[in-house]
Amino acid sequence: MISFKNDYSEGALPVVMEALLKTNLEQTVGYGEDEYTAKGIEAVKKSIKCDDCYVRLLVGGTQTNLLTISHILRPYEAVISADTGHISTHEAGAIEATGHKVIELLTDGNGKIDVEMIKKAYETHKRDLHMVQPKMVYISNPTELGTLYTKEELINISNYCKEVGMYLYLDGARMASALASEKNDIELSDYPKYCDAFYLGGTKCGLLFGEALVITNKSLAEGFFCSTKQKGATLAKGRLLGIQFIELFKDDRYYQVGKHSNRMADMLKKGVLEAGYKLKADSYTNQQFFIFPNRVIEEIGKKYRYELWENIDEDNSVVRFVTSWATREEDVKSFIGDLKKIK
């Protein structure tokens with residue numbers, strides 16, 4: 001089977017595996033107090049051009065979201081998110097389990113929220129102190145539908161959050177893909193300017209595991225290590241994270257991971273369109289959403305893995321295809337060829 005199901009099926013970039021093997025027998029202190037973690041954090045700070053920020057290397061995206069949101073918010077405070085946001089749909093109620101409500105905003109199919117939507121939710125809740133109080137806005141870039149926020153949109157949301165005293169937190173699980181997209185106009189150095197906190201994804205961008213959480217509003221970082229320890233998120237062998245991030249942010253490797261993933265996804269999209277099928281969303285990143293007849297989905301499932309996203313009607317459904325740093329061009333061409341043969 002050839003998998004287009006996600007972008008973390010493979011292990012890690014060969015240079016990452018080589019670095020881990022090379023340092024395998026070294027003895028280091030634990031829990032992120034080692035020199036490799038320090039160097040990994042410095043690599044992240046250099047890439048975002050922000051020396052005066054708090055960086056913590058964590059294992060996974062759901063863990064990072066749970067820790068960040070639960071650490072920052074008070075018990076009666078809530079986070080605003082798109083209804084398609086990862087914290088709304090794919091984290092088994094992790095945020096709610098910490099006692100914080102997720103205020104979901106219904107999007108128009110592009111996975112993005114805007115200032116007017118946020119303002120309406122904020123004002124509705126703030127006018128009644130018997131309701132949960134919104135204190136954070138959560139967005140993903142790219143979104144869960146592969147779409148991108150523009151710099152102007154990011155600035156507008158950031159300005160509104162500052163105006164009313166909310167925090168802006170950005171999920172960058174697939175940040176490499178966003179960064180390399182032809183439609184992107186946001187630099188890595190922009191995120192510290194406009195977000196109170198954000199993370200750079202590693203798990204879906206070439207690492208075995210790992211996310212780099214950046215807290216630019218340093219008042220929010222106080223006691224964060226204790227929060228990670230309390231919730232079982234302090235990795236004893238912390239150097240495993242540090243070594244990986246050192247390698248990921250050498251030269252323009254992070255960008256190249258996204259560039260390759262996006263190029264493979266663009267090949268898929270063009271091939272599907274040429275075959276006469278339609279898109280659910282016009283994505284310029286490594287997630288692609290295709291509308292296929294169910295009989296076609298059944299046929300391609302004999303050779304290819306994908307994610308069944310949603311049913312359109314009794315005859316048609318949306319499937320998600322995802323490419324990665326390891327996706328081979330010959331596999332993309334094979335799929336397109338097989339798709340065109342299906343009658």
Side-chain angles (χ1 to χ4, degrees), residues 7 47-50 61 64-65 68-69 79-90 102-122 134 136-164 166-201 204-205 211-217 254-255 257-259 261-262 265-266 279-289 320 322:
D7 40 12
S47 71
I48 62 176
K49 298 180 182 179
C50 182
T64 302
N65 289 336
T68 305
I69 295 172
V79 54
I80 295 172
S81 168
D83 61 323
T84 54
H86 204 268
I87 62 171
S88 300
T89 58
H90 284 98
V102 178
I103 301 172
E104 295 184 335
L105 304 184
L106 185 63
T107 63
D108 62 359
N110 66 3
K112 300 199 301 185
I113 57 177
D114 59 32
V115 170
E116 288 305 312
M117 298 164 68
I118 296 168
K119 183 177 181 180
K120 182 178 179 181
Y122 177 82
M136 176 185 285
V137 172
Y138 166 97
I139 60 176
S140 305
N141 204 39
T143 70
E144 289 71 17
L145 292 178
T147 52
L148 292 172
Y149 283 92
T150 66
K151 186 174 180 178
E152 182 180 8
E153 290 170 333
L154 178 64
I155 292 174
N156 289 341
I157 294 173
S158 176
N159 287 342
Y160 180 73
C161 286
K162 288 181 172 65
E163 178 186 330
V164 298
M166 285 196 294
Y167 305 120
L168 177 57
Y169 171 53
L170 186 139
D171 182 324
R174 294 185 169 95
M175 182 66 77
S177 181
L179 182 66
S181 174
E182 63 182 270
K183 297 294 184 179
N184 176 58
D185 66 349
I186 305 175
E187 301 290 337
L188 273 180
S189 57
D190 289 324
Y191 290 102
K193 300 174 186 176
Y194 305 116
C195 300
D196 293 283
F198 63 96
Y199 80 87
L200 303 178
K204 297 174 180 176
C205 302
E211 326 297 329
L213 172 67
V214 180
I215 300 179
T216 53
N217 184 339
Y254 197 58
Y255 175 82
V257 165
K259 184 177 180 180
S261 301
N262 291 352
D266 188 57
L279 307 174
K280 165 68 174 178
D282 192 12
S283 168
Y284 289 85
T285 56
N286 71 319
Q287 298 182 89
Q288 297 295 324
F289 298 82
R320 185 187 72 163
V322 189

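Fair warning: this is a prediction, and the values are worked out from it, not measured in the lab.
- In this structure the side chain of I48 reaches within 4.5 angstrom of the side chain of F198, judged on heavy atoms.
- Here the NZ-CG distance, from K162 to N217, works out to 9.0 Å after rounding to the nearest 0.5 Å.
- Using a 4.5 Å heavy-atom threshold, the side chains of Y149 and N156 count as separate.
- Put simply, OG on S158 and CE on M166 are 11.0 Å apart, with the number rounded to the nearest 0.5 Å.
- Taking 4.5 Å as the limit, some side-chain heavy atom of L154 sits within range of a side-chain heavy atom of L170.
- In this model, no donor atom of one side chain and acceptor atom of the other lie less than 3.5 Å apart for N184 and Y284.
- Residues T107 and D83 are in side-chain contact: their nearest non-hydrogen atoms beyond the backbone lie under 4.5 Å apart.
- Distance check: E211 CD to N65 CG gives 9.0 Å after rounding to the nearest 0.5 Å.
- Rounding to the nearest 0.5 Å gives a distance of 8.5 Å between CD of E144 and NE2 of H90.
- Here the side chains of V214 and Y199 are not in contact, with every heavy-atom distance at 4.5 Å or above.
- The closest side-chain heavy-atom distance from Y169 to T68 is below 4.5 Å.
- When all heavy atoms of C205 and M175 are compared, the closest pair comes out as SG-N, 4.2 Å.
- Between S88 and S81, the shortest heavy-atom distance links the atoms OG-OG, 3.3 Å.
- Going from atom CD1 of I80 over to atom CG of L168 covers 11.0 Å, rounded to the nearest 0.5 Å.
- Nearest heavy atom pair, residue A265 against residue Q288, reads O-CG, 3.7 Å.
- For Y167 against C161, the heavy-atom pair with the smallest separation is O-SG, 4.2 Å.
- T216 places a side-chain N or O within donor-acceptor distance of the main-chain N or O of C195, the cut-off being under 3.5 Å.
- Between atom OH of residue Y194 and atom CD1 of residue I155 there is a gap of 3.5 Å, rounded to the nearest 0.5 Å.
- Exactly one of K204, R174, Q287 qualifies for a side-chain hydrogen bond (donor to acceptor under 3.5 Å, both in side chains) with D7. That residue is R174.
- With a 4.5 Å cut-off on side-chain heavy atoms, N110 and T143 do not count as touching.
- Using a 4.5 Å heavy-atom cutoff, the side chains of L188 and L200 are in contact.
- A donor-acceptor pair under 3.5 Å is formed between the side chain of T285 and the backbone N or O of G146.
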List the atom pairs, donor and acceptor, that lie under 3.5 Å between side-chain atoms in residues 113-122 and the rest of the protein, sequence neighbours left out.
unit_1	atom_1	unit_2	atom_2	d
D114	OD1	E116	N	3.2
D114	OD1	M117	N	2.9
Y122	OH	V164	O	3.2

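- Side-chain contact, N262 with S177: a donor N or O sits under 3.5 Å from an acceptor N or O.
- Scanning all heavy atoms of the two residues, the minimum distance from S283 to L145 falls at CB-O, 3.9 Å.
- Scanning all heavy atoms of the two residues, the minimum distance from A178 to P142 falls at CB-CD, 3.4 Å.
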